[in-house]
Amino acid sequence: AVGDGHSFDAYRALGEPTGALLATPWEAVANSIVYATAAALIALRATMRTSSRELPVEARYRLPTEDDRDVTTLEPGELILELDVPRPDASVYLKAMDRQRWSFPLVGVAAAGTGDERRLVLAGVAPIPWVLDSPEALDAATPLPGTAYKVEIARALVRRALETLA
């Protein structure tokens with residue numbers, strides 16, 4: 001079961017993101033769900049075993065480039081077979097949504113704490129789940145036009161997440 005330090009069969013647990021540019025609202029919703037789940041797994045320092053290797057969930061994602069818009073490091077035909085999710089001392093996932101417009105979060109933050117370590121991962125702010133080194137890392141954010149409000153939402157959610165872990 002997730003969270004008890006054991007593995008579970010998860011070859012379909014994380015769907016394939018369609019990339020940074022979304023063609024339909026359905027793909028946007030699907031990606032939002034995938035990235036929220038991925039952000040939580042990354043915050044928890046989960047690892048995955050695929051049909052060809054073992055890697056941290058974080059290593060599954062990469063930023064797209066002009067030449068290669070893919071955001072996953074999985075090879076064609078590579079399947080996710082198993083996830084191992086360590087049990088944290090505390091964890092939380094918070095999201096901000098406009099329920100009158102969308103059924104998915106504008107910004108999400110996954111946070112997990114083990115001992116003195118705190119791990120923060122954002123969803124909905126980049127084409128992949130975004131790991132924050134610290135809350136102050138948001139000071140260096142360079143939002144796209146029309147998305148600066150997401151930085152302030154992220155700040156508030158990160159602050160609340162850290163309070164929850166305390």
Side-chain angles (χ1 to χ4, degrees), residues 2-3 5 13-22 27-48 54-74 83-166:
V2 173
L14 296 175
E16 280 300 315
T18 57
L21 303 175
L22 304 175
E27 289 173 334
V29 170
N31 275 358
S32 175
I33 293 166
V34 168
Y35 291 144
T37 302
L41 290 171
I42 292 167
L44 293 166
R45 294 201 180 277
T47 58
M48 64 174 59
E54 188 168 318
L55 66 156
V57 172
E58 180 177 355
R60 179 182 183 257
Y61 297 97
R62 67 174 203 68
L63 285 171
T65 64
E66 287 295 321
D67 298 332
D68 184 358
R69 303 307 295 166
D70 199 4
V71 293
T72 183
T73 62
L74 294 180
L83 292 172
D84 183 57
V85 183
R87 180 186 296 274
D89 294 336
S91 63
V92 65
Y93 181 81
L94 301 173
K95 60 186 175 182
M97 306 173 48
D98 181 347
R99 290 182 183 228
Q100 294 181 1
R101 291 184 157 186
W102 311 107
S103 61
F104 56 90
L106 297 168
V107 178
V109 62
T114 302
D116 291 336
E117 181 190 18
R118 300 292 178 260
R119 184 127 161 117
L120 299 165
V121 184
L122 299 176
V125 299
I128 61 172
W130 198 262
V131 178
L132 285 179
D133 294 331
S134 69
E136 294 76 26
L138 287 168
D139 295 340
T142 52
L144 296 173
T147 65
Y149 70 96
K150 286 188 171 193
V151 176
E152 294 311 311
I153 293 171
R155 281 185 212 284
L157 291 176
V158 164
R159 186 175 53 254
R160 286 179 48 203
L162 289 173
E163 289 169 359
T164 301
L165 295 183

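Position 1 is the first residue of the sequence, and the numbers go up from there.
Note that CH2 of W130 and CG of L63 are 5.0 Å apart. Values are rounded to the nearest 0.5 Å. Atom CG of D89 sits about 10.0 Å away from atom CZ of R87, to the nearest 0.5 Å. To the nearest 0.5 angstrom, I42 atom CD1 is 7.0 Å from R119 atom CZ. Of the inter-residue distances, the one linking Y61 atom OH with L74 atom CG reads 8.5 Å to the nearest 0.5 angstrom. Rounding to the nearest 0.5 Å gives a distance of 8.0 Å between CG of L106 and CE of M97. Rounding to the nearest 0.5 Å gives a distance of 8.5 Å between CG of L157 and CG of L122.
The shortest heavy-atom contact between A59 and T73 is O-OG1, 2.8 Å. The minimum heavy-atom distance between G113 and L165, with the atom names listed, is N-CD1, 4.1 Å. The two residues A137 and L132 come nearest to each other via the heavy atoms CB-CD2, 3.9 Å. Between L94 and A161, the shortest heavy-atom distance links the atoms CD1-N, 3.6 Å. Shortest non-hydrogen contact noted between P64 and P127 is CD-CG, 3.8 Å. Across all their heavy atoms, G108 and Y93 have their closest contact at CA-OH, 3.5 Å.
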Next on the checklist: Checking L55 against T47 for the side-chain contact (heavy atoms from CB on, under 4.5 Å) test, could you report, in this order, the C-alpha distance in whole Å, the side-chain angles of both residues, the deciding distance, and whether it holds?
Outcome noted: CA-CA 6 Å; L55 66 156; T47 58; over 6 Å; no

Next on the checklist: Before you tell me yes or no, could you show the steps for T72 and I128 under side-chain contact (heavy atoms from CB on, under 4.5 Å), namely the whole-Å CA-CA distance, both residues' side-chain angles and the distance that decides it to 0.1 Å?
Outcome noted: CA-CA 9 Å; T72 183; I128 61 172; over 6 Å; no

Next on the checklist: The test is side-chain contact (heavy atoms from CB on, under 4.5 Å); show your working for V131 and E58 and say whether it passes.
Outcome noted: CA-CA 9 Å; V131 178; E58 180 177 355; 3.7 Å; yes

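When atom types are taken as modelled, the side chain of R60 and the backbone of P56 share no donor-acceptor pair closer than 3.5 angstrom. Remark: the backbone N or O of P143 is not paired with any side-chain donor or acceptor of T147 at under 3.5 angstrom.
At a threshold of 4.5 Å between non-hydrogen side-chain atoms, the residues V107 and K95 do not count as touching.
Note on E117 versus R45: salt bridge recorded, some NZ/NE/NH1/NH2 to OD/OE distance being below 4.0 Å.
The neighbour count for R62 CZ, taken as heavy atoms of other residues, nucleotides or ligands under 6.0 Å away, is above 12.
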